[in-house]
Number of protein chains: 2
Amino acid sequence: MLSDVMEDYLKSIYALQQEDGGPVATSAIAEYLEVTSPTVTSMVEKLEDRGLVEREKYKGVELTQEGETVALEVLRHHRLLESYLTEHLDYSWSEVHEEADTLEHHISEEFERRVAEVLDDPTVDPHGDPIPSADLTPPEDDTTTPLSDHDAGDLLVVSRVSDRDEEELRYLADAGIAPGTRLEVADVAPFGMVTVRFADDGERDQSLPENVARSIRVRPADDDSDPDSDSESDGGDGEGNSEEIEA
Amino acid sequence: MLSDVMEDYLKSIYALQQEDGGPVATSAIAEYLEVTSPTVTSMVEKLEDRGLVEREKYKGVELTQEGETVALEVLRHHRLLESYLTEHLDYSWSEVHEEADTLEHHISEEFERRVAEVLDDPTVDPHGDPIPSADLTPPEDDTTTPLSDHDAGDLLVVSRVSDRDEEELRYLADAGIAPGTRLEVADVAPFGMVTVRFADDGERDQSLPENVARSIRVRPADDDSDPDSDSESDGGDGEGNSEEIEA
DNA sequence: TATAAGTTTTAGACGCGGCTAAATCCGGTA
DNA sequence: TACCGGATTTAGCCGCGTCTAAAACTTATA
């Protein structure tokens with residue numbers, strides 16, 4: 001019933017809402033989806049007609065309950081697909097995003113169920129993002145923090161990496177930074193450049209530009225009661241080649 | 001580059017060309033895709049502009065080399081998907097068609113390669129249809145015949161069943177008729193009603209309406225040099241429940 | 001061979017999802 | 001408080017893939 005374009009709008013609004021809390025600006029959606037503002041305005045009107053968003057002219061837009069449910073469904077598809085492709089079709093976690101971004105709109109409910117079943121109902125995808133549950137109830141609030149918010153000396157575990165930029169993902173894979181990687185902030189330099197040291201390889205330092213550090217979500221290293229401590233067992237043997245990342 | 005609608009047109013034209021040999025009529029495509037004739041005319045003009053079909057006004061349409069290649073690629077996607085869903089996601093062969101019909105337009109080349117690899121480059125899908133090879137060279141001419149063309153006493157092996165009608169497929173699954181099933185034509189009654197007897201269960205007879213008998217493709221029972229004698233090992237233990245059809 | 005019946009194409013419309021250019025609104029500053 | 005700049009919306013266009021109604025073509029038949 002909903003077009004895949006509409007699903008993409010809902011997904012974007014959901015993501016932007018998570019980032020900033022409040023209502024989402026037309027221009028923010030436009031930038032996220034790489035379309036013009038007038039295009040967003042007209043699409044948002046249609047979403048409003050269908051009861052998927054609430055909107056105040058010139059102000060911004062928010063998902064309704066129903067809109068959020070749709071966004072969560074698409075997100076569930078996306079993350080189940082990323083997990084499936086990684087575990088069963090030999091994709092590395094830096095490759096899966098584009099494939100999932102297309103397929104998420106085209107799999108049936110049945111397909112979703114069967115994939116979830118063979119994966120044994122996973123709760124986190126290969127990038128560390130939480131997979132919405134089958135009943136599409138809104139997930140817990142995110143307690144992770146951006147790596148860029150931390151100071152020298154902080155001991156951290158990588159919780160999630162963004163899945164939206166292929167190039168960045170390859171960079172991180174090469175650097176050996178993945179969900180579960182334990183590290184210490186060695187230094188924070190001007191322009192937000194963050195240097196980290198690997199807990200299991202004291203020799204190696206890695207410097208990350210601010211924008212990359214901002215997209216890496218972390219939690220304190222001692223917090224092992226965290227709900228998504230699931231696949232926290234990456235060897236991180238100093239090679240970082242995506243090939244060895246495999247449950 | 002090509003829309004999925006265009007791919008569907010090319011696929012239909014390919015299928016209809018296989019059935020009838022010559023050029024394909026506008027109305028035939030319209031019926032196959034459940035759209036109106038004017039819609040077909042305008043779409044066919046666009047396909048001609050792109051060099052995918054050759055067309056003679058008021059006469060009919062044929063695929064060019066390039067158009068055929070595209071059709072074969074989509075068909076390869078479709079049949080690899082049907083095989084994959086059946087073998088790895090627990091679909092029965094009567095369920096897979098719709099899912100594959102959507103996904104065939106949305107998987108990447110990479111996905112195609114990986115699915116082909118984990119399936120070990122299959123040459124036939126669960127319905128018995130030949131899977132085009134990765135290089136997309138046109139397949140051998142079909143040497144099978146419709147069950148409806150046969151007479152009482154003929155000993156046959158089911159080669160393929162149509163994958164286009166879900167209801168018919170369930171009917172056949174229930175009746176225990178699948179690729180590889182050996183049977184004898186017991187009787188041909190008025191209106192083309194065909195009664196068959198199962199080679200491995202002499203007790204059981206099954207009567208099939210003409211339209212169903214026409215969609216079942218068979219080969220002579222003794223012909224075991226056939227190129228697609230691949231998965232010819234269905235138990236056919238008289239239950240016919242689709243659950244047990246599994247390599 | 002003239003014409004009727006059946007196909008096919010042409011003509012013109014529509015909703016979708018995108019665009020650019022122009023008008024409008026909002027918030028901050030003089 | 002008046003104005004200016006930036007964000008947003010309105011207006012109007014386009015290509016896609018679909019439709020219906022009408023015109024044109026083909027073919028079979030009288």
Side-chain angles (χ1 to χ4, degrees), chain A residues 1-14 16-17 19-63 67 70-71 74 101-102 104-106, chain B residues 1-14 16-17 19-63 67 70-71 74 101-102 104-106:
Chain A
M1 207 67 261
L2 287 196
S3 69
D4 44 344
V5 173
M6 281 193 177
E7 291 180 351
D8 278 336
Y9 276 86
L10 295 174
K11 202 174 51 146
S12 317
I13 295 167
Y14 181 84
L16 293 166
Q17 234 171 219
E19 274 179 26
D20 299 351
V24 179
T26 301
S27 52
I29 303 172
E31 191 185 347
Y32 198 89
L33 290 179
E34 300 183 282
V35 296
T36 62
S37 292
T39 299
V40 172
T41 298
S42 78
M43 192 64 217
V44 159
E45 279 168 1
K46 286 171 198 163
L47 293 173
E48 192 181 23
D49 290 346
R50 299 195 186 217
L52 297 165
V53 304
E54 251 158 43
R55 185 169 102 92
E56 207 181 334
K57 266 196 187 177
Y58 295 98
K59 288 298 189 297
V61 68
E62 268 175 300
L63 295 179
V70 174
V74 178
D101 236 13
T102 302
E104 64 185 6
H105 305 295
H106 304 290
Chain B
M1 206 69 265
L2 286 195
S3 69
D4 46 342
V5 173
M6 280 193 179
E7 289 181 351
D8 278 336
Y9 276 86
L10 294 174
K11 201 172 54 144
S12 317
I13 296 166
Y14 182 84
L16 293 165
Q17 234 170 219
E19 273 179 26
D20 300 351
V24 179
T26 301
S27 52
I29 302 171
E31 192 184 346
Y32 198 90
L33 290 178
E34 300 183 281
V35 295
T36 63
S37 292
T39 300
V40 172
T41 299
S42 78
M43 192 64 218
V44 159
E45 280 168 1
K46 286 169 197 164
L47 293 173
E48 192 181 23
D49 290 345
R50 299 198 188 212
L52 297 166
V53 304
E54 252 159 42
R55 185 169 102 91
E56 207 180 337
K57 267 195 183 175
Y58 293 100
K59 287 297 190 296
V61 68
E62 268 175 298
L63 294 178
V70 173
V74 178
D101 237 13
T102 302
E104 64 186 4
H105 305 296
H106 303 291

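Convention: sequence-line order gives letters A, B, ...; per-chain numbering from 1.
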Can you measure [X] atom [atom1] to [N] atom [atom2] for me and round it to whole angstrom units?
X: Glu7(A); N: dC16(C); atom1: CD; atom2: C1'; result: 15 Å
X: Glu34(A); N: dG17(C); atom1: CD; atom2: P; result: 18 Å
X: Glu45(A); N: dG18(C); atom1: CD; atom2: P; result: 14 Å

If you fit an axis to the five pairs at each end of the helix from dT1(C)-dA30(D) to dA30(C)-dT1(D), how big is the angle between those two axes, to 10 degrees?
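Inter-axis angle at the ends, rounded: 30°.
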Shortest non-hydrogen contact between Met6(A) and Leu2(A), atoms and distance:
SD-CD2, 3.8 Å
Heavy atoms of chain A, cut-off under 4.0 Å: which first and last nucleotide of DNA chain D, 5' to 3', fall inside that, if you could look?
dT8(D) to dT10(D)
OP1 or OP2 of [N] versus the side-chain N and O atoms of [X]: is any pair under 4.0 Å?
X: Ser3(A); N: dG17(C); result: yes
X: Lys57(B); N: dT10(C); result: yes
X: Ser37(B); N: dT7(C); result: no

Which nucleotide, dT9(C), dC26(C), dT20(C), lies nearest any side-chain atom of Lys59(A)?
dC26(C)
Taking the side chain of Thr41(B) as its heavy atoms from C-beta onward, which of dG27(C), dT10(C), dG18(C) lies nearest to it?
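The answer is dT10(C), which lies nearest to the side chain.
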N-O pairing of Glu62(A) and Arg55(A) below 4.0 Å
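No, this pair does not count.
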Do Lys11(A) and Asp101(A) sit within salt-bridge range, that is, some charged N less than 4.0 Å from a carboxylate O?
yes
When rounded to the nearest 0.5 angstrom, what distance separates CD in Glu7(A) from CG in Leu52(A)?
10.5 Å
Value rounded to 0.5 Å, distance of CG in Leu47(A) from CD1 in Ile29(A)
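One finds 8.5 Å between CG of Leu47(A) and CD1 of Ile29(A).
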Those residues of residues 20-30 of chain A lying under 4.0 Å from DNA chain C by at least one heavy atom
none
